[in-house]
S.K.: 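Just passing along the structure, written as C-alpha cells.
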Amino acid sequence: MPLPWSIRMKIALGAAKGLAFLHEEAERPVIYRDFKTSNILLDADYNAKLSDFGLAKDGPEGDKTHVSTRVMGTYGYAAPEYVMTGHLTSKSDVYSFGVVLLEMITGRRSMDKNRPNGEHNLVEWARPHLGERRRFYRLVDPRLEGHFSIKGAQKAAQLAARCLSRDPKARPMMSEVVEALKPLPNLKDMASSSYYFQTMQADRVGSSPSTKNGVRTQGSFSRNGQQHPRSLSIPNGSHASPYHHQFPQNSPKPNGKT
C-alpha cells in the first residue's frame, strides 16, 4: 500500500524541520550534504529524524559565502552548482530537499533507469509540469488514486519548484519551507471528487502502463515486538540502517576535511 498523502506531507515537514535546525538554529550552522529519502528515519507515528551525518560539513563563517570541498553525496540529489564547482552552501541542501519532496509527490525515485527514455532523471522529467497549474496532476503518484489534497499538491509542487531552482539564491531558506509545509498534512480537498482529475486519470490509465514504484517505508522489528525506526525509501533504492542515529542536539563535528 502506498503511503497516504497526509503522511507523506507529515514526513516532509518533519525532515524540513531537521534541516532548518541544522542551518538556522544549531550553535554552528551545519550543511547536511547528503539529504535523501534513505537518510530519513521514521518512528511508529511517522515522525521524521535525519540519520547518517558522515558527510555533514560546518557551514561558512564570517563573510564567506560557501565552503569549498570535494564533491560528495548521492547522484540525483546533489545540487548542480555544487557538482560543477564544489562550492557548498545551505542552498545545496535545499535543492536536495526539493528532490525528496518530488519523490514524495510522484512516488518515483530520483534516478530510475527502468523508466522510459526521458523519465530516468526525476527532476528533469518533472520540471515542465511543476509550473503548470493543471499539468501538475501528471506528477502525483497515480497509486494514490485521487486521495490527495488538490491545494496541498499544488502548493507542494510549487514549493518543490522553488527548491529546485537552478539559481541557488532563488531557493527558499529551510525555515520558509517549514512554514509552507505546515498546513499541508491537514488539507481535506480530495482530488478524487474533482471532475477534471477523474477525466485526466481515466486518460492516463488508458495511455500509460501501471507504475510499480512508489514511496514506501522500510522497518524492522525486534523479537519482543518493538518496532525500530524505519527509513523512508523508494523500492530498489539504498536504505539507511534502521537501528541508529538520533537527531543531534548539538552541531555534529565531522572528522577531517572531506
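Because only heavy atoms are used, hydrogens play no part in the values below, and waters and symmetry mates are left out as well, while side chains stay in. Everything numeric here is computed off the predicted structure, so don't read it as measured data.
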S.K.: For the atom pair SG (Cys163) and CD (Glu176), what is the distance rounded to the nearest 0.5 Å?
M.R.: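 These two atoms lie 9.5 Å from each other.
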
S.K.: What closest approach, in Å, do Gly76 and Val99 show between heavy atoms, and which atom pair accounts for it?
M.R.: O-CG1, 3.5 Å

S.K.: Hey, what do you get for CG (Leu50) to CZ (Phe21), rounding to the nearest 0.5 Å?
M.R.: 10.5 Å

S.K.: Are Leu187 and Ile7 grouped together when hydrophobic residues (ILVMFWY) are joined by side-chain heavy atoms under 4.5 angstrom apart?
M.R.: yes

S.K.: For the atom pair CG (Leu41) and CG (Asn47), what is the distance rounded to the nearest 0.5 Å?
M.R.: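 That separation rounds to 12.0 Å.
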
S.K.: Only one of Arg108, Arg109, Arg138 passes salt bridge (charged side-chain N to carboxylate O under 4.0 Å, His left out) with Glu119; say which it is.
M.R.: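 Option passing the salt bridge (charged side-chain N to carboxylate O under 4.0 Å, His left out) with Glu119: Arg108.
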
S.K.: Taking the side chain as everything from C-beta on, heavy atoms only, tell me whether Pro80 gets closer than 4.5 Å to Tyr95.
M.R.: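 Sidechains of Tyr95 and Pro80: in contact.
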
S.K.: As an exercise, state the distance from CE of Met174 to CZ of Phe35, rounded to the nearest 0.5 Å.
M.R.: 6.5 Å

S.K.: What are the two closest heavy atoms between Trp125 and Gly118, and how far apart are they?
M.R.: CB-O, 3.7 Å

S.K.: With side chain to side chain contact (heavy atoms under 4.5 Å, CB included) as the criterion, how do Leu184 and Leu13 come out once you've worked through the C-alpha distance, each side chain's angles and the decisive distance to 0.1 Å?
M.R.: CA-CA 9 Å; Leu184 302 195; Leu13 175 58; over 6 Å; no

S.K.: For the CG atom of Asp112 and the NE2 atom of His120, what is their distance to the nearest 0.5 Å?
M.R.: 7.5 Å

S.K.: Please identify each residue that fulfils side-chain contact (heavy atoms from CB on, under 4.5 Å) with Asp167, with sequence neighbours left out.
M.R.: Ser165, Lys169, Ala170

S.K.: Is Asp93 reaching over with its side chain to a backbone N or O of Leu19, donor-acceptor style, under 3.5 angstrom?
M.R.: no

S.K.: Do you know which two heavy atoms are closest between Ser96 and Tyr77, and how far apart they sit?
M.R.: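 Taking Ser96 first and Tyr77 second, the nearest heavy atoms are OG-O, 2.8 Å.
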
S.K.: Is a donor on one side and an acceptor on the other found under 3.5 Å between the side chain of Arg8 and the backbone of Leu3?
M.R.: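 Such a contact is found between Arg8 side chain and Leu3 backbone.
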
S.K.: List the steps, then state whether side chain to side chain contact (heavy atoms under 4.5 Å, CB included) holds for Met190 with Ser149.
M.R.: CA-CA 5 Å; Met190 293 293 104; Ser149 161; 4.3 Å; yes

S.K.: List the steps and the verdict of side chain to side chain contact (heavy atoms under 4.5 Å, CB included) for Met173 and Val178.
M.R.: CA-CA 9 Å; Met173 296 176 63; Val178 169; over 6 Å; no

S.K.: Can you name the nearest heavy-atom pair linking Asp34 to Asn39, along with the distance?
M.R.: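 For Asp34 and Asn39, the tightest heavy-atom pair comes out as O-ND2, 2.9 Å.
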
S.K.: Does Lys10 use its side chain to pair, donor to acceptor, with the backbone of Asp45 at less than 3.5 Å?
M.R.: yes

S.K.: Locate the shortest heavy-atom distance separating Ala157 from Ile105; write the atom from each residue and the value.
M.R.: N-CD1, 3.9 Å

S.K.: The test is side chain to side chain contact (heavy atoms under 4.5 Å, CB included); show your working for Leu159 and Val177 and say whether it passes.
M.R.: CA-CA 7 Å; Leu159 181 61; Val177 172; 3.9 Å; yes

S.K.: Determine whether Val94 and Val123 fall in the same hydrophobic cluster, where Ile, Leu, Val, Met, Phe, Trp and Tyr are linked whenever their side-chain heavy atoms lie under 4.5 Å apart.
M.R.: yes

S.K.: So, are Lys91 and Glu81 salt-bridged, with charged N and O less than 4.0 Å apart?
M.R.: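 Glu81 and Lys91: not salt-bridged.
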
S.K.: For the backbone of Leu164 and the side chain of Arg127, can you confirm whether one donor and one acceptor N or O come within less than 3.5 Å of each other?
M.R.: yes

S.K.: Taking the side chain as every heavy atom from C-beta outward, state whether Arg33 and Ser92 have any pair of such atoms under 4.5 Å apart.
M.R.: no

S.K.: Would you call Met111 and Asn121 a side-chain contact if the rule is heavy atoms closer than 4.5 Å?
M.R.: yes

S.K.: For Ala48 versus Ile40, what's the shortest heavy-atom pair and its separation?
M.R.: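 Ala48 and Ile40 have their closest heavy atoms at CB-CG2, 3.7 Å.
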
S.K.: Can you tell which of His23, Lys17, Glu24 makes a side chain to side chain donor-acceptor pair (under 3.5 Å) with Ser175?
M.R.: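 When side chain to side chain donor-acceptor pair (under 3.5 Å) is applied between Ser175 and each of His23, Lys17, Glu24, only Glu24 qualifies.
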
